[in-house]
Peer 1: 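Pasting in a structure now, in structure tokens, and then I'll have a few things to ask.
Both ligands and their constituent atoms are indexed starting at 1 by order of listing.
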Amino acid sequence: MVYLARPSCYGDARCVGTAVLSTTLLLLLLTFLLGLLISNRLEQQINQLTALTQRLLSGERDTTLPRQGKGEIEEFSRNYSQLVDQDNEVIAHLREERDQLSRVLVYMADGVIIADHIGRVRQINPAGYRLLGTTAEKAVGHTLAEVLRHHELINLWQRCQQEGVEQMAAIEVGQNLFLQAVITPFQQKESQAYLVILQDLTTIRRLETVRRDFISNISHELRTPLASLRAVVETLQVGALDDPPAARRFLSRADHEVDTLTQMVEELLELSRIESGRVPIRLSPTAVCDLIQIPVERFKAQAKRDKIKLILNVPEDLPYVFADADRMQQVVNNLVHNALKFTREGTVTISAFLPEDAPKSVKREIMNLSPSVIFSVEDSGVGITAEDLPRIFERFYKSDRARTRGQGGTGLGLAIARHIVHAHNGRLWAESKEGKGSTFYFTLRTA
Ligand code: ADP
């Protein structure tokens with residue numbers, strides 16, 4: 001019997017070929033799919049990197065790259081992220097330095113201007129435009145000549161431009177402004193630029209003037225009693241000694257001049273001690289009448305002799321005030337003494353009252369003060385001219401009338417009084433009408 005085997009693929013070359021082909025196709029498909037997958041992932045990562053660089057380019061610094069991928073891509077993205085981080089750190093550091101610099105410029109007391117090669121203002125700080133009486137908007141973009149305005153400042157800049165070296169000068173700009181200007185050329189990129197520094201020396205200059213005036217005043221004040229003393233001594237030397245009554249007269253004059261000199265030196269020492277803070281002010285709650293009564297008692301006899309009515313007007317129920325009693329009695333003393341000195345047969349009234357009972361002009365003066373008691377010394381004397389009134393608290397200031405009448409005094413009493421009141425956080429001021437009398441007011445905080 002012949003067994004006929006069923007035709008089968010096994011062993012058939014065609015079938016083997018088909019199997020190999022289909023396997024290859026399958027493998028190719030798989031490879032293609034895998035390739036597609038990998039290229040998709042790569043494309044995604046490259047897209048992320050592209051988006052990141054675009055964000056960086058548009059100025060957004062806060063960018064991080066998600067850690068993805070393997071091998072080179074991962075290393076690339078890690079390096080890239082590190083680079084971005086480092087870059088961000090440098091930028092943050094630079095930003096902080098720039099902010100610090102601009103804060104310094106904003107708060108600086110000196111004016112700073114930066115101008116380009118033709119002198120056009122590029123930058124100006126607030127002190128700069130304040131000192132020059134302009135604004136940033138009006139200054140930036142305009143020439144230094146337009147911004148500096150003062151001819152000496154402009155000349156200084158032109159000299160700096162021509163000679164190419166730093167220029168410095170102290171210049172009086174207007175009545176109340178004294179500036180030290182320094183203009184320095186410097187190289188910025190390819191061209192020249194200019195740095196202008198303006199220092200306000202007004203206060204220092206004023207202090208210098210005060211010191212100069214002080215020395216000239218003191219020399220002047222000392223000269224008069226010293227010349228008088230010399231005259232007395234010479235008169236005694238040339239014969240007055242042999243005439244006892246005349247000698248006694250001259251000696252009494254000499255005694256008076258020595259008294260004046262002693263008083264001046266004492267007051268000067270006192271003023272200098274108060275000004276330098278070497279006189280301790282010990283504030284304690286004090287009754288108002290304790291500050292007034294003693295000085296007033298002291299002047300009663302003099303007032304009676306000069307036919308001046310001395311009136312005390314102090315309510316009993318006033319609150320206590322913070323005061324150093326000795327020092328404040330010295331103030332009342334000075335004020336009452338002056339009131340008597342500049343009054344002839346009139347009245348001198350010493351009062352104390354609360355702000356609500358104060359006249360309108362006083363209310364205006366004490367508007368921003370903490371609760372205080374107001375003291376006043378009012379006289380019906382010669383008064384003070386409108387010209388003298390703002391100056392009477394200056395050291396050595398005496399009105400012409402006081403000088404020509406030879407009305408004693410050193411011109412230091414009111415300066416001392418004002419210093420003492422200020423050390424009590426109070427105010428001292430005066431109102432006056434020439435020919436009608438004067439009123440001096442001071443305040444002390446209630447305790
Ligand atoms: P002095 O000790 O020379 O009086 P003050 O400093 O006390 O110096 O006063 C300065 C000047 O103020 C006086 O020379 C005078 O011109 C003026 N003055 C002060 N008090 C009065 C007053 N009550 N009436 C008029 N003038 C006054």
Peer 1: Please state which part of L414 comes within less than 4.0 Å of ligand 1, counting heavy atoms only: side chain, backbone, both or neither.
Peer 2: both
Peer 1: Would you mind listing which atoms of ligand 1 come within a distance below 4.0 Å of any non-hydrogen atom of L412?
Peer 2: 6 (O), 8 (O)
Peer 1: Could you tell me whether a side-chain N or O of S276 sits under 3.5 Å from a main-chain N or O of R273, the two making a donor and an acceptor?
Peer 2: yes
Peer 1: Could you walk me through whether E297 and Q293 pass side-chain hydrogen bond (donor to acceptor under 3.5 Å, both in side chains), step by step?
Peer 2: CA-CA 6 Å; E297 286 298 323; Q293 215 115 39; 5.3 Å; no
Peer 1: Quick one: side-chain hydrogen bond (donor to acceptor under 3.5 Å, both in side chains) partners of R327, sequence neighbours excluded?
Peer 2: E270, Q330
Peer 1: So, is the end of the R391 side chain (NZ or CZ) under 6.0 Å from the ring centre of Y397 and within 45° of the ring's axis?
Peer 2: no
Peer 1: Looking at E208 and R205, does any basic side-chain N land under 4.0 Å from a carboxylate oxygen?
Peer 2: no
Peer 1: With a cut-off of 4.0 Å, which atoms of ligand 1 are near a heavy atom of S399?
Peer 2: 14 (O), 16 (O)
Peer 1: Within a distance under 4.0 Å of any heavy atom of K341, pick out the atoms of ligand 1 and give their elements.
Peer 2: 1 (P), 2 (O), 4 (O)
Peer 1: For ligand 1, is G381 a contact, meaning one of its heavy atoms is under 4.0 Å away?
Peer 2: no
Peer 1: Please verify whether a non-hydrogen atom of F440 lies at under 4.0 Å from ligand 1.
Peer 2: yes
Peer 1: Starting at CD of E146, measure out to CZ of R120 and round the result to the nearest 0.5 Å.
Peer 2: 10.5 Å
Peer 1: Hey, does G411 come in under 3.5 Å of ligand 1, counting only N/O atoms on both sides?
Peer 2: yes
Peer 1: So if I count the atoms of ligand 1 from 1 in the order they appear, which ones are less than 4.0 Å from some heavy atom of I392?
Peer 2: 10 (C), 12 (O), 17 (C)
Peer 1: Flag the pair F375 / L291 as yes when at least one side-chain heavy-atom distance between them is below 4.5 Å, and no otherwise.
Peer 2: yes
Peer 1: State the atoms of ligand 1, each with its element, that fall below the 4.0 Å cut-off from a heavy-atom position in G383.
Peer 2: 25 (C)
Peer 1: I want to know if ligand 1 touches N338 in the polar sense, i.e. an N/O pair below 3.5 angstrom.
Peer 2: yes
